Amino acid sequence: MDAANFARACGYTGDSPALLLAFEAIRRIGIAQARLDHFRRKAVIDELKQAEPLFLAMIGPALSAHEAVEDAARFIAGWRNMPRWRQERRLADLARAKQQRLVARFFRRFGHRLWALEAA
């Protein structure tokens, strides 16, 4: 996809060369950031695949992946209802909850199969 097509997909209808270059830069940086985030998430998952006790320690007081997903969803919903000043103070907690939700969803879906293969 070239810069003009990406700009049109974003809703830009003009033909300014400077803005087209800006859209291209945004597209390249976005793709690079998405790849970097994917490799970070994959590294976390790969470390936790080794053993179930590592995963259980990561999800904290929750006793199962299903419970961890519910806890993270509850925190995220509560965070959205907080005043702006409190949201800004709890950004690290939000990032942690989103990562926990992602990891818990993965292991809720594939964990039993992975650890059964490890045990066999």
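Quantities reported herein were computed from a predicted structural model and do not represent experimental measurements. Computed over heavy atoms, backbone and side chain alike; hydrogens, waters and symmetry mates excluded.
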Student: How many angstroms lie between atom CD1 of I29 and atom CG of L36, to the nearest 0.5 angstrom?
Tutor: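 Between atom CD1 of I29 and atom CG of L36 there are 13.0 Å.
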Student: Might you point out which heavy atoms bring A72 and A97 nearest each other, and give the distance in Å?
Tutor: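 Nearest pair, atom of A72 first, then A97: CB-O, 3.5 Å.
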Student: So which atom in Q100 and which in A68 form the shortest heavy-atom distance, rounded to 0.1 Å?
Tutor: NE2-CB, 3.7 Å
Student: With a 4.5 Å cut-off on side-chain heavy atoms, are R96 and D93 touching?
Tutor: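 Yes - at least one pair of side-chain heavy atoms lies under 4.5 Å apart.
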Student: R8 versus N5: any side-chain heavy-atom pair under 4.5 Å?
Tutor: yes
Student: Can you tell me how far CD1 of I45 sits from NZ of K49, rounded to the nearest 0.5 angstrom?
Tutor: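 Taking NZ in K49 and CD1 in I45, the distance rounds to 7.5 Å.
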Student: Quick one: closest heavy-atom pair of M82 and R90, and the distance?
Tutor: CE-NH1, 3.5 Å
Student: Heavy atoms only: give me the nearest A4-L20 pair and the separation to one decimal.
Tutor: CA-CD2, 3.9 Å
Student: Quick check: is I59 connected to L48 through a chain of hydrophobic side chains (ILVMFWY, heavy atoms under 4.5 Å apart)?
Tutor: yes
Student: Check Q99 against V44 and note the closest heavy-atom contact, atom names and distance.
Tutor: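 Of all heavy-atom pairs spanning Q99 and V44, the closest is NE2-CG2, 3.3 Å.
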Student: Any idea how F23 and F6 line up, ring-wise: parallel (<30°), tilted (30 to 60°), or perpendicular (>60°)?
Tutor: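 Perpendicular: the ring planes of F23 and F6 meet at over 60°.
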Student: Under a 4.5 Å side-chain heavy-atom rule over Ile, Leu, Val, Met, Phe, Trp and Tyr, are M58 and F107 clustered together?
Tutor: yes
Student: Can you tell me how far the CG atom of D71 sits from the NE2 atom of H66, to the nearest 0.5 Å?
Tutor: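 D71 CG to H66 NE2: 10.0 Å, rounded to 0.5 Å.
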Student: Are L91 and I76 connected, step by step, through hydrophobic side chains (Ile, Leu, Val, Met, Phe, Trp, Tyr) whose heavy atoms are closer than 4.5 Å?
Tutor: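 In one cluster with L91: I76, yes.
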Student: Side chains of R35 and H38, heavy atoms from C-beta outward: is any pair under 4.5 Å?
Tutor: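 R35 vs H38: side chains apart.
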Student: Please say yes or no: joined through hydrophobic side-chain contacts below 4.5 Å, possibly via intermediate residues, are L19 and L21 part of one cluster?
Tutor: no
Student: Looking only at non-hydrogen atoms, find the nearest pair between F106 and L114 and report the distance.
Tutor: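 Residues F106 and L114, closest heavy atoms: CE2-CD1, 3.9 Å.
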Student: Is the number of heavy atoms from other residues, nucleotides or ligands under 6.0 Å of D37 CG greater than 12?
Tutor: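 Yes, because the 6.0 Å sphere around CG of D37 holds more than 12 heavy atoms from other groups.
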Student: Is the CD atom of E47 crowded by more than 12 outside heavy atoms at less than 6.0 Å?
Tutor: no
